[in-house]
Protein chains: 2
Amino acid sequence: MLKLTKRTEYGLIALTHLAQRQGEVVPAREIGDRYPIPRRLLAEVLKDLCNADLVASTRGAHGGYALVRPAQELSLGEIVSALEGAPTVSSCGDGDLLHGEHSCDVQSICPIRSPLVEIKDKIWQMMLTTSLASLAQPHKPYRPLASQTQVNGSVKSSIESP
Amino acid sequence: MLKLTKRTEYGLIALTHLAQRQGEVVPAREIGDRYPIPRRLLAEVLKDLCNADLVASTRGAHGGYALVRPAQELSLGEIVSALEGAPTVSSCGDGDLLHGEHSCDVQSICPIRSPLVEIKDKIWQMMLTTSLASLAQPHKPYRPLASQTQVNGSVKSSIESP
DNA sequence: ATTATCGGCACTACTTGAGTGCGGATTGAT
DNA sequence: ATCAATCCGCACTCAAGTAGTGCCGATAAT
C-alpha cells in the first residue's frame with residue numbers, strides 16, 4: 001500500500017541513534033531501552049543492516065553496533081533496500097532490480113509499464129539522494145507542497161478516504 | 001513494501017484505455033478482453049474509481065465507463081488515493097490523513113517522525129503532479145533528479161507534467 | 001566461570017492482497 | 001413483455017507478507 005514497514009521505521013530510529021554516537025559501539029539494548037521497540041525485532045533489523053554492511057557489529061560483552069560510514073554518506077535508499085528490498089512500485093519491469101525476473105504477463109502490451117517504472121525510479125532516486133543525516137537532524141519547517149498545484153489545480157481535498 | 005498494488009496497476013491500465021476513447025462509454029468487458037486482467041477484479045477497481053468520481057458509469061445494455069475529466073486533469077495521486085488510500089509511508093504521524101488516529105506509540109519521542117512524513121509528502125506531491133495523460137503517452141527519456149540535490153535541500157525539481 | 005552481547009533457526013498470529021461467486025438492478029433491443 | 005448486456009453489492013477463500021516471539025549457541029570482557 002505504498003508504505004514503509006515497521007522494520008524500516010525501527011531501522012531508521014536505530015541508525016539515527018547510532019549516528020548520534022558516531023564512533024562508539026552501541027548495544028542494541030540501549031536502543032531498545034530508549035524507544036518502544038520490541039528488543040527481539042530490533043535485533044532482527046540490526047542484523048539485516050549488518051548483513052548489508054551499513055553497520056558493523058562487535059560481539060561479546062561490551063559489544064554492539066556502530067555505523068560503518070558517517071550518516072551523511074548513508075542514503076535512505078540503501079537503508080530501505082537493506083530492510084525491505086528496493087521499492088518496486090509496480091510488479092512490471094522490475095526484473096533488473098531484485099530477482100531478475102521479467103514475468104509480468106501484462107508486460108508486453110501493458111500501456112503503463114514504462115511510466116510506472118519511471119515513477120518507481122523517481123521515488124527511488126529521491127531515497128538515494130536523501131541521507132540519514134538529513135533525517136536525523138531536526139529540520140526546517142515543513143513547506144507543504146500541496147498548495148502549489150499542479151496538473152490543473154484541482155487536487156481537490158483528495159487525500160481523504162471514507 | 002513500498003509498492004503499488006495490482007488494483008492500482010489495473011486501474012491505470014483501465015483509465016489509460018478510457019483516455020484513448022475519451023468521450024465514449026466503454027464497457028468493462030472491452031478492457032478485460034484487451035488485457036490479461038481478471039474481469040471480476042477489473043469491475044471492482046472500476047467501481048472504486050467510480051465511487052471516487054474519477055469515472056462515470058452508465059448502466060444497462062450499452063453501458064460502461066467514461067472518464068469524468070480529460071486525462072490531463074487526472075492526477076496519479078487521485079487515482080492511487082481512490083484505489084488504495086493516500087500513501088502513508090510510515091505509520092507515524094499520518095493520523096490526519098486516514099483514520100484520524102495519532103496512536104503511534106513511538107511518536108512523541110520518535111526522532112524520525114517528521115522526516116518520514118516529509119518523504120511521504122514528497123512522493124505524494126510527485127503523484128499529485130503527474131497526470132494520467134503523461135502516463136498514457138509514450139514518454140520522454142527519463143531525467144534523473146539525482147544530480148540536483150539532495151540530502152536536505154529541497155529537491156523540488158522535477159515533477160513534470162505533460 | 002560468569003555475564004552481556006550478537007547470531008541463527010523456526011515458529012505463531014495477524015493483516016493485506018489477489019481473486020472469485022452469486023444474485024440483483026438497470027437499460028436497450030427485439 | 002422478454003431477453004440480453006451491463007453495472008452493483010455483499011461476502012468469501014486463498015496466498016503472501018508483516019509483526020513479533022522463543023530458544024539456544026557463539027563470543028568476548030571481567
Side-chain angles (χ1 to χ4, degrees), chain A residues 1-11 13-14 18 24-33 35-52 55-66 80 83-85 87-91 98-99 103-106 161-162, chain B residues 1-11 13-14 18 24-33 35-52 55-66 80 83-85 87-91 98-99 103-106:
Chain A
M1 198 256 264
L2 198 61
K3 61 185 264 188
L4 295 174
T5 63
K6 289 269 183 196
R7 289 174 76 87
T8 301
E9 193 174 324
Y10 296 157
I13 292 175
L18 291 182
E24 301 176 53
V25 169
V26 180
R29 200 182 51 72
E30 178 179 314
I31 301 175
D33 280 344
Y35 312 99
I37 301 176
R39 297 277 174 85
R40 197 57 195 61
L41 235 195
L42 179 59
E44 282 289 312
V45 169
L46 284 167
K47 184 196 64 181
D48 288 346
L49 292 173
C50 198
N51 288 337
V55 303
S57 68
T58 305
R59 303 177 67 163
H62 291 182
Y65 300 89
V80 170
L83 295 175
E84 53 186 279
T88 54
V89 176
S90 150
S91 57
L98 289 178
H99 7 44
S103 59
C104 176
D105 48 352
V106 192
S161 351
Chain B
M1 200 254 266
L2 198 61
K3 60 186 265 188
L4 295 174
T5 63
K6 289 271 183 197
R7 290 174 76 86
T8 301
E9 192 173 326
Y10 296 157
I13 292 175
L18 292 182
E24 299 177 55
V25 169
V26 181
R29 202 182 49 72
E30 178 178 315
I31 301 175
D33 281 343
Y35 312 98
I37 301 177
R39 296 278 175 85
R40 195 59 194 58
L41 235 195
L42 179 59
E44 283 287 313
V45 169
L46 285 168
K47 185 196 64 180
D48 288 347
L49 291 174
C50 199
N51 289 337
V55 302
S57 67
T58 304
R59 302 177 68 163
H62 291 180
Y65 299 90
V80 170
L83 296 175
E84 52 185 282
T88 56
V89 176
S90 150
S91 58
L98 291 177
H99 3 46
S103 60
C104 176
D105 48 354
V106 192

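Proteins come first, then strands; the chains are lettered A, B, ... in the order of their sequence lines, and each starts at number 1. Just so you know, these numbers come straight off a predicted model, no measurement behind them.
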Spacing of [X] atom [atom1] relative to [N] atom [atom2], expressed in whole Å:
| X | N | atom1 | atom2 | result |
| --- | --- | --- | --- | --- |
| B/L83 | C/dG17 | CG | C1' | 13 Å |
| A/Y65 | C/dA4 | OH | P | 17 Å |
| B/R39 | C/dT20 | CZ | P | 11 Å |
| B/E9 | C/dG17 | CD | C1' | 13 Å |
| B/L2 | D/dG17 | CG | P | 15 Å |
| A/K47 | D/dG20 | NZ | P | 16 Å |
| A/L42 | C/dT5 | CG | P | 13 Å |
| B/D48 | C/dA18 | CG | C1' | 14 Å |

Is any side-chain nitrogen or oxygen of [X] closer than 4.0 Å to OP1 or OP2 of [N]?
| X | N | result |
| --- | --- | --- |
| B/T58 | D/dC7 | no |
| B/T5 | C/dT16 | no |
| B/R29 | D/dT6 | yes |

Report task. Select from A/R7 and B/P27 the residue whose nearest nucleotide in DNA chain D is closer to the 5' end of that strand. Result -> B/P27
So which nucleotide from [options] ends up closest to the side chain of [X]?
| X | options | value |
| --- | --- | --- |
| B/E44 | D/dA11, C/dC6, D/dT6 | D/dA11 |
| B/Y10 | D/dA19, D/dC8, C/dG19 | C/dG19 |
| A/L41 | D/dT30, D/dC10, D/dT21 | D/dT21 |
| B/K6 | C/dA18, C/dT20, D/dG9 | C/dA18 |
| A/A61 | D/dT21, D/dT6, D/dA29 | D/dA29 |
| A/H62 | C/dC6, D/dA29, D/dC8 | D/dA29 |

**Report entry** Option among A/V45, A/L49, A/N51 that satisfies the side-chain contact (heavy atoms from CB on, under 4.5 Å) test with A/K47
**Finding:** A/N51
Query raised in the report: Contact class for B/G60 (heavy atom, under 4.0 Å): base, sugar-phosphate, or nothing?
Result: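 Base, at least one base atom sits under 4.0 Å.
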Query raised in the report: Is A/A43 touching bases, backbone alone, or none of the nucleic acid, heavy atoms closer than 4.0 Å?
Result: nothing
**Report entry** Donor-acceptor pair (no angle test) under 3.5 Å: A/R59 side chain, D/dA28 base
**Finding:**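 Side chain to base: no pair below 3.5 Å.
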Report summary line: Taking for A/N51 and for A/G63 the nucleotide of DNA chain C with the nearest heavy atom, the one nearer the 5' end belongs to A/G63
Query raised in the report: Is it true that a side-chain atom of A/E84 and a backbone atom of A/T5 form a donor plus acceptor pair closer than 3.5 Å?
Result: yes
**Report entry** Nearest non-hydrogen partners of A/L18 and A/Y65, listed with the distance
**Finding:**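 Taking every non-hydrogen atom into account, CD2-O, 3.6 Å.
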Query raised in the report: What are the two closest non-hydrogen atoms of A/L46 and A/A14, and how far apart are they?
Result: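 The answer is CD2-CB, 4.2 Å.
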Query raised in the report: Do the side chains of A/R39 and A/D33 get nearer than 4.5 Å, heavy atoms only?
Result: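 Answer yes - side chains close enough.
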Report task. Find out whether B/L42 and B/I13 are in side-chain contact, i.e. whether some heavy atom of one side chain is under 4.5 Å from a heavy atom of the other. Result -> no
